[in-house]
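What follows is a single structure, written as structure tokens, with notes after it.
Note that the structure is predicted; figures quoted are calculated from it, not measured. These values consider heavy atoms only, across backbone and side chains, with no hydrogens, waters or symmetry-generated copies. Lettering of chains follows the sequences in order, A, B, ..., and the numbering in each one begins at 1.
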Amino acid sequence: MYYDYGKIEKKWQEIWDKEETFKASNSSDKPKFYALVEFPYPSGQGLHVGHPRPYTALDIISRKKRLEGYNVLFPMGWDAFGLPTENYAIKTGVHPAVVTRDNVAHFKKQLKMIGYSFDWSREINTTDPAYYKWTQWIFIQLFKHGLAYKKEFPINFCTSCKVGLANEEVVNGHCERCGGEVIRVVKNQWMLKITEYAQRLIDDLELVDYPDRVKSSQINWIGRSEGAQVDFQLKDTDEKLTVYTTRPDTIYGATYMVISPEHPYIEQYASRISNIDEVRSYCQESAKKSDFERTELVKDKTGVRLEGLDAVNPISGEVIPVFVSDYVLMTYGTGAIMAVPAHDQRDYEFAKKFGLEIREVISGGDISEAAYTDASGGTAVNSPLINGLKGKEAISKMIEIMEEKGIGTRKVNYKLRDWVFSRQRYWGEPIPMVKCDKCGWVPLPEDQLPLELPQVDNYMTTDTGESPLANMPEWYNTTCPVCGSHAVRETDTMPNWAGSSWYYLRYTDPHNDKALADPEALKYWLPVNWYNGGMEHTTLHLLYSRFWHKFLYDIGVVPTPEPYAKRTSHGMILGENNEKMSKSKGNVVNPDEVVTSYGADTLRTYEMFIGDFTQAAPWSENGVKGCKRFLDRVFKLPDMVKPGKGYSPALEKYIHQTIKKVTEDIDSMKFNTAVAALMKLLNLYTDQPSITDEDLRTFLILLNPTAPHITEEIWQTCGYPSQIAHTPWPKYDEAKCAEDMVEIPVQVNGKVRDKVTVAADADEETVKEAVHQSAAVARSVGSSSIVREIYVKGKIYNIVVK
RNA sequence: GCCGAAGUGGCGGAAUUGGCAGACGCACGGGACUUAAAAUCCCGCGAUUGUAAAAAAUCAUACCGGUUCGAGCCCGGUCUUCGGCACCA
């Protein structure tokens, strides 16, 4: 009989669909297990072989958990709002919803071909109004709790297409589509106060099982720093210039101050600044600079002194000049700094360029060379109130002094900024807010949700950079839900991250029209037990969804403080040439072709065997063939079966060892070695004259999560009861895994010279005796004298000679 | 610059976390089967020296040093590659 994978796979996929084999139940006596993979963006290109890697991994985990007696939720859906679809619509005029529908159909067909055990009855789509109704609902809750607010914020604007651009459409400071210059234009945008959750987003990482690299990149991104906020009096005014510093211990070295070009004091004190024209033109120049240019010229400090505006050092009383420079950011701290050139590299460079004093106040470095920035090493000098103190002690003391004098306070700052939530785009969730002439911003009442996207003629943003919805007065003119007078709808839409920030909640109860999900369902399924996704989502997506989840927890919608109990991430699959797969490089491999030429089970097996799951690995067609050969040999196994009870005595030990290995390896995502162990066991089987039914059955179950179609088919052909999908996972007996006889390597001075075979439980005396009978050992020892002998039970015997 | 991960045969990668380096697979070589090829099956496969063939020895986990009876694994330093962040005071 030949392995007709095409027919077999189709057959089993139909059975699974028909019998709803993998449907999860919201009430069950079994323990629950919620496995989640990142839902894809259904692009026009379809799947490439990178997609199946994480899906197959969690499919294996899910299938195994089911056999182990869990009620498993393993869902799939579509993160379907997004730029490529919108750009395609701009180009062709085809409505994004139509494009999305077609792409989803294509993706779904491709996924089905690979035989995943998704519960398709729970499929969701972020662009479905029944879904985004709840995305809008969450936004309204955020607004009601003061976590959504409007603020002036710059967007990218292409000066030649006159269109607002997403960050990813700006390439090296130029428009991705026309190459035109991109500048920043300030718009009034919705912001979400994620910063309010910054500390909890750090602290609660304690509660979850994420890889260290993921935790540390979250912590890094949030960027907590401790320091002080200090007031400097502006000379001859009543006002203070407040700065943030992590090094209040260096305040005696502050020889000037710098404010950011966007700082309000510039205009407020315009009349006092004698060179205001020069200052203004500097500010305008830096406003025009794109982020790219600003960071491009990192080392080249520019700036202008504010003539006529000086500050007073509150500790020393010294009068120091104030500069404006774009190396100070308005968006961090207070938008102003005290510059300590001796102990900050940026201030050092600025001071060198402008000929300002560089005054050492912490000893330990050589400030003629570079700033000495070590915060823990040096000792305070030239600092009358804290001279002689070091590091943390100096910092604490200085803060105490400042607090006593009422000129400063301890302060924690975060690099994390509030989340810019508005997009001047069509293909996103409409923001469910109206602006009433009398009442201000008012959220839509719940019974008016979802606020659906209207049909538009043109998907381009307007030439002032507004969303296409801003061209539709018949849509945006409305009445105020509170007072009934004239109001205008928000025409911006939500960013891509919105729908994906809570989708895992919807899977628990995807058809609910009364709530985002039934509280009972949430209570039953949350938290997600295991969430796998790409490293590229470990900052934004993971942080945003943790933020929303925490907010929903605070308002009593979800029952857990964290959404995902465990997070893992997979490595990329590269092209055969070891480069990232891309259309332009022509090294993209399409999973459909692999399925057609070799079968879904081969694709699955190969993707798991390709290498360490967390590392990138290059595709290899020959490697695929190797896995196909493995399955071909598996398919022939039934021919070897002869009647017999239980495991073959010659195989029993190895079967127990393999059950153990495969069980543990799947749990720790070492799929490559799990497959290797099964290949090894197969080699042992085929070395035998015959095998028993029990030998075969156990092998099939162990292989089933990885290669579900072929194993079910063989199972059925052999007439075994029911299906593997309803058969328990095999158990191993630790005692039966153990070897009776062990081969102990014998070393002389750390070099293996011989091996002795002894009973596994042999005592040291017995082993020693065997070792000393070895001719090879005797030869190596020669005439040297034995200094010491070390025996590690069951592992090694080492003789030290001199 | 900062943070993170990694560096092992011709290749993808193993190594129970300090105990036989190279599992498993690919590629390659030899053989069987075949009119022939493909497929399949069997054998070999880190390098050097050595041998008729064996045996055996030496060297090998990016590099240098250390700890240890023993290091791919631990410690100190250096180099390289990849990923993320980047004027955050």
Just to be sure I understand the rule, does [X] reach a base, reach only the sugar-phosphate, or reach nothing, if contact means heavy atoms closer than 4.0 Å?
X      : answer
A:K661 : nothing
A:T245 : sugar-phosphate
A:V800 : sugar-phosphate
A:E536 : nothing
A:A776 : nothing
A:T538 : nothing

Whole Å only: how far is the [atom1] atom of [X] from the [atom2] atom of [N]?
X      : N      : atom1 : atom2 : result
A:K755 : B:rG19 : NZ    : P     : 16 Å
A:I796 : B:rU68 : CD1   : C1'   : 13 Å
A:K415 : B:rC2  : NZ    : P     : 13 Å
A:N220 : B:rG83 : CG    : P     : 18 Å
A:R213 : B:rG4  : CZ    : P     : 13 Å

(message) For A:S225 and A:N413, which I'm curious about, is there any donor-acceptor pair between the side chains at under 3.5 Å?
(response) no
[N], OP1 or OP2 - any side-chain N/O from [X] closer than 4.0 Å?
X      : N      : answer
A:Y327 : B:rA89 : no
A:R788 : B:rC69 : yes
A:R753 : B:rU58 : yes
A:K751 : B:rC59 : yes

(request) Between protein and nucleotides 21-32 of chain B, map the contacts as a letter string: B base, S sugar-phosphate only, - none, heavy atoms under 4.0 Å, written 5' to 3'. (result) --BBSSS-----
(request) Taking only Lys NZ, Arg NE, NH1 and NH2, and the carboxylate oxygens of Asp or Glu, determine whether A:E664 and A:K670 approach each other closer than 4.0 Å. (result) no
(message) By nearest heavy atom, map A:R224 and A:I790 onto RNA chain B; which one lands nearer the 5' end?
(response) A:I790
(request) Name the residue closer to the 5' end of RNA chain B, choosing between A:S216 and A:D612 according to the nucleotide with the nearest heavy atom. (result) A:S216
(message) Give me the atom names and distance for the closest heavy-atom approach of A:D418 to A:K193.
(response) OD1-CA, 3.2 Å
(request) Choose from B:rG13, B:rC20, B:rG19 the nucleotide whose nearest atom is closest to any side-chain atom of A:E743. (result) B:rC20
(request) Please find out if less than 6.0 Å separates the ring center of A:F323 from that of A:F350. (result) yes
(message) Is there a side-chain contact between A:M338 and A:T250 in this structure, where contact means two heavy atoms from C-beta onward sitting under 4.5 Å apart?
(response) yes
(message) Contact between A:Y5 and A:L631 at the side-chain level, heavy atoms closer than 4.5 Å - yes or no?
(response) no
(request) For A:E38, check salt bridge (Lys or Arg N to Asp or Glu O under 4.0 Å) against everything at least two apart and list the hits. (result) A:R567
(request) Decide yes or no on side chain to side chain contact (heavy atoms under 4.5 Å, CB included) for A:D347 and A:Y327, but give the supporting numbers first. (result) CA-CA 9 Å; A:D347 298 344; A:Y327 81 89; 2.7 Å; yes
(message) Which is it for B:rU80, anti or syn, if anything within 90° of zero counts as syn?
(response) anti
(message) Could you spell out the base pairing of RNA chain B as a dot-bracket line? Use Watson-Crick and G-U wobble contacts where both distances are under 3.5 Å, [ ] for crossing pairs, | for partners on a different strand.
(response) (((((((..(((......[....))).(((((.......))))).((((......))))..(((((..]....))))))))))))....
(message) Under 6.0 Å from the ring centre and within 45 degrees of the ring axis: does the NZ or CZ of A:K628 meet both conditions for the six-membered ring of A:Y598?
(response) no
(request) Mind checking the CD-CG spacing from A:E360 to A:D366? Nearest 0.5 Å is all I need. (result) 8.5 Å
